[in-house]
Amino acid sequence: MKLMQSLVDWVDVRLGVRQIWIANSSDYLVPRNINKWYSLGTVLLVLFGLQFVTGILLLIHYVPDVEKAFASVERIVNVVPFGWLIRSLHAVGSNLIVVVLLLHMLSVLFMGSYKRPRELTWLSGFGLFNLGLILCLTGYLLPWSQLSFWATTVATDAAGALPVIGAELVEFLRGAPSVGPQTLGRFFALHVVVLPFALVGLIGFHLFCVRRNGISTPPFGPDARPAKVGGFFEHEKNPGGIPFFPNYTLEEMGVVCFFLALLVAVTFFAPQIFVPYSALEPADPFTTPEHIKPEWYFLWAYQTLKIFPSKLMGLVVQIGLMTFLALLPFIDRGAERRPIKRPIFVTVYVLILLVMIGLSIWGHYS
Ligand code: HEM
């Protein structure tokens, strides 16, 4: 302990680390009426951290070769000590991350925290959301099962609906006219190197934005007011708030533990939810399974492509919706954040949410 103290003293004299620590812990105040939804960002950090650890452990035994990939995953699950646990944690964890990403995004939307001056926080978050989904998509192919192979075939096929560049884009994504060794190679590189690096960089920027702006005051209760929108940079100070560390961090740990408990419960008692039968058969490019469905979070998009008279129309609707979401802070520019004072926004929000859920259920049973 004394040695540790001396070490910190030594570094402190040179870099003033104690000052940085105090400014970012006990002196960094978060709103007194902060709610549980604000902990979801931290839950995401913890879950992504866990994905990195389990992913690296899986990499020790996984072989990115179409002849060997499926057998290497079988070996991880059946032979490698605790391999089944690591693999299930990684697969269930990826699904949980999508759930928490959606909840984080929905809560930020509902509380109007995307508004000025937090446009860059929103844009970086939106980028993270897409990176997260692409990470899931690329990881899905790696076990080289029937499910991976055909789900990737269908997903990459969708790009073909774009006029002019469609066919070339599909070939670019796959690295060949159809899903094969080239696709596995590029998806592997994306999944284990390119996307994780990009994700870490973007998370860094996102947290920088969050810290620079200060945590927004929840728009509820008698004291809630529209956001102050000035012409100059101003850190939202939250006077009279609670210290970020240890008080708020300890509160957050409750929410983090809840999600970790959920992860462990599904991993131990119901991992089969995310491993259907077709995931247990090796990929066979010559036998198309009867029903190929994407993961639950892509079902709405899958169903949209089916209900419009042409795939192109479906694709345009999807791209339109995503562009609208990305640019929302620049479209919805009013300072009002209280949901009760934003009836049109809340109605559209609930309607879009219900349509997305409806489309996903329809896609699942169709
Ligand atoms: C890897 C994924 C992500 C991580 C690790 C992350 C992390 C965080 C953290 C730690 C906070 C501060 C506390 C909180 O409000 O939760 C935060 C706030 C915020 N995040 Fe994220 N986030 C991620 C994805 C997203 C996404 C997908 C969006 C929206 C598209 C988003 C938009 C925001 C906004 C606008 C805030 C400011 C909230 C406020 O000050 O009230 N984030 N994020």
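In listed order, ligands and their atoms are each counted from 1. Atom set for the values below is all heavy atoms of this structure, side chains included, hydrogens, waters and symmetry mates excluded.
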Participant: Any nitrogen or oxygen of Trp37, side chain or backbone, less than 3.5 Å from one on ligand 1?
Facilitator: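 Min N/O separation from ligand 1 is not below 3.5 Å for Trp37.
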Participant: Indicate whether any N or O donor in one side chain lies under 3.5 Å from an N or O acceptor in the other, for Glu236 and Thr217.
Facilitator: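 Short answer, yes.
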Participant: Over 60° means perpendicular and under 30° means parallel, so classify the ring planes of Tyr28 and Phe244, tilted if in between.
Facilitator: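 Tilted.
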Participant: Judged on heavy-atom distance to atom 25 (C) of ligand 1, which of Arg211, Met111, His104 sits nearest?
Facilitator: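 Of the listed residues, His104 has the closest heavy atom.
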Participant: Please work out whether any backbone atom (N, CA, C, O) or any side-chain heavy atom from C-beta onward of Leu207 is under 4.0 Å from ligand 1, and answer side chain, backbone, both or neither.
Facilitator: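 Just the side chain.
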Participant: Just how far is it from atom CG of Leu299 to atom CG of Leu359, taken to the nearest 0.5 Å?
Facilitator: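 The CG atom of Leu359 is 10.0 Å from CG of Leu299, to the nearest 0.5 Å.
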Participant: Return yes or no for this condition: an N or O of Ser39 is under 3.5 Å from an N or O of ligand 1.
Facilitator: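 No - when backbone and side-chain N and O of Ser39 are compared with those of ligand 1, no distance drops under 3.5 Å.
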Participant: Are any of the N/O atoms in Tyr38 less than 3.5 Å from those in ligand 1?
Facilitator: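 Right, the criterion is met.
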Participant: If you draw a 6.0 Å radius around CD in Glu281, do more than 12 non-hydrogen atoms from other residues or ligands fall strictly inside?
Facilitator: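 More than 12 within 6.0 Å, yes.
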Participant: May I ask you to decide if the ring planes of Tyr349 and Phe110 are parallel, tilted or perpendicular, using 30° and 60° as cut-offs?
Facilitator: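 Because their plane-to-plane angle lies in the 30° to 60° range, the rings of Tyr349 and Phe110 count as tilted.
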Participant: Could you check whether atom NZ of Lys306 has more than 12 heavy atoms from other residues, nucleotides or ligands sitting under 6.0 Å from it?
Facilitator: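 Atom NZ in Lys306 is packed in, count exceeds 12.
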Participant: More than 12 heavy atoms of other residues, nucleotides or ligands under 6.0 Å from CZ of Arg333: is that the case?
Facilitator: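 For Arg333, atom CZ is not crowded (no more than 12 foreign heavy atoms under 6.0 Å).
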Participant: When you measure from atom 35 (C) of ligand 1 to every protein heavy atom, which one gives the shortest distance, and what is it?
Facilitator: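 Its nearest protein heavy-atom neighbour is Val108 CG1, 3.4 Å.
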Participant: Give the residue, atom name and distance (to 0.1 Å) of the protein heavy atom nearest atom 1 (C) of ligand 1.
Facilitator: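 Scanning the protein heavy atoms, the shortest distance from atom 1 (C) of ligand 1 goes to Phe48 CE1, 3.2 Å.
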Participant: For Phe126, counting its heavy atoms only, list the atoms of ligand 1 lying under 4.0 Å from any of them.
Facilitator: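 Close to Phe126: 30 (C).
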Participant: Near Arg211 CZ, under 6.0 Å, is it more than 12 heavy atoms from other residues, nucleotides or ligands?
Facilitator: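 Correct, the count exceeds 12.
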Participant: Closer than 4.0 Å to some heavy atom of Trp122 - which atoms of ligand 1 meet that?
Facilitator: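 Matching atoms, with element in brackets: 29 (C), 30 (C).
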Participant: Okay, side chain of Arg116, backbone of Gly230: is any donor-acceptor separation there less than 3.5 Å?
Facilitator: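 Such a contact is found between Arg116 side chain and Gly230 backbone.
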Participant: So, is Thr121 polar-close to ligand 1, with some N/O to N/O distance under 3.5 Å?
Facilitator: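 No, since none of the N or O atoms of Thr121 sits under 3.5 Å from an N or O of ligand 1.
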Participant: What residue and atom, counting heavy atoms only, is the protein's closest point to atom 9 (C) of ligand 1, and at what distance?
Facilitator: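 The closest heavy atom on the protein side is Gly41 CA, 3.6 Å.
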Participant: For ligand 1, which atoms, with element, lie under 4.0 Å from some heavy atom of Arg118?
Facilitator: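 Reading through ligand 1 atom by atom, the close ones are 40 (O).
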Participant: Considering only heavy atoms, does His206 approach ligand 1 within less than 4.0 Å through its side chain, its backbone, both, or neither?
Facilitator: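 Within the 4.0 Å criterion, His206 contacts ligand 1 through side-chain atoms alone.
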Participant: Do Leu128 and ligand 1 have an N or O pair less than 3.5 Å apart?
Facilitator: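 By distance alone, the answer is no.
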Participant: Return the closest protein heavy atom for atom 40 (O) of ligand 1 as residue, atom name and distance.
Facilitator: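 Among all protein heavy atoms, the one nearest atom 40 (O) of ligand 1 is Ser216 N, 3.2 Å.
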Participant: For the residue pair Tyr38 and Ser216, confirm or rule out a side-chain donor-acceptor distance under 3.5 Å.
Facilitator: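 A donor-acceptor contact under 3.5 Å links the two side chains.
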Participant: Taking NZ, NE, NH1 and NH2 as the nitrogens, is one of them in Asp157 or Arg174 under 4.0 Å from a carboxylate oxygen of the other?
Facilitator: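 Arg174 and Asp157: salt-bridged.
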Participant: Please report which non-hydrogen protein atom sits nearest to atom 11 (C) of ligand 1, along with the residue it belongs to and the distance in Å to one decimal place.
Facilitator: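 Protein heavy atom with the smallest distance to atom 11 (C) of ligand 1: Val210 CG2, 3.9 Å.
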Participant: Nearest protein heavy atom to atom 3 (C) of ligand 1, by residue and atom, and its distance?
Facilitator: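 Sorting protein heavy atoms by distance from atom 3 (C) of ligand 1 puts Leu44 CD1, 3.6 Å first.
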Participant: Is the shortest heavy-atom distance from the side chain of Trp37 to the side chain of Leu106 under 4.5 Å?
Facilitator: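 Side-chain contact under 4.5 Å: no.
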Participant: For ligand 1, does Leu101 get within less than 4.0 Å through its side chain, its backbone, both, or neither, judged by non-hydrogen atoms?
Facilitator: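 Side chain only.
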Participant: How close does the nearest protein non-hydrogen atom get to atom 38 (C) of ligand 1, and which residue and atom is it?
Facilitator: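 Going atom by atom, the protein heavy atom closest to atom 38 (C) of ligand 1 ends up being Ser113 CB, 3.9 Å.
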Participant: Looking only at protein heavy atoms, which one is nearest to atom 27 (C) of ligand 1, and how far off is it?
Facilitator: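 The closest heavy atom on the protein side is Gly125 O, 2.9 Å.
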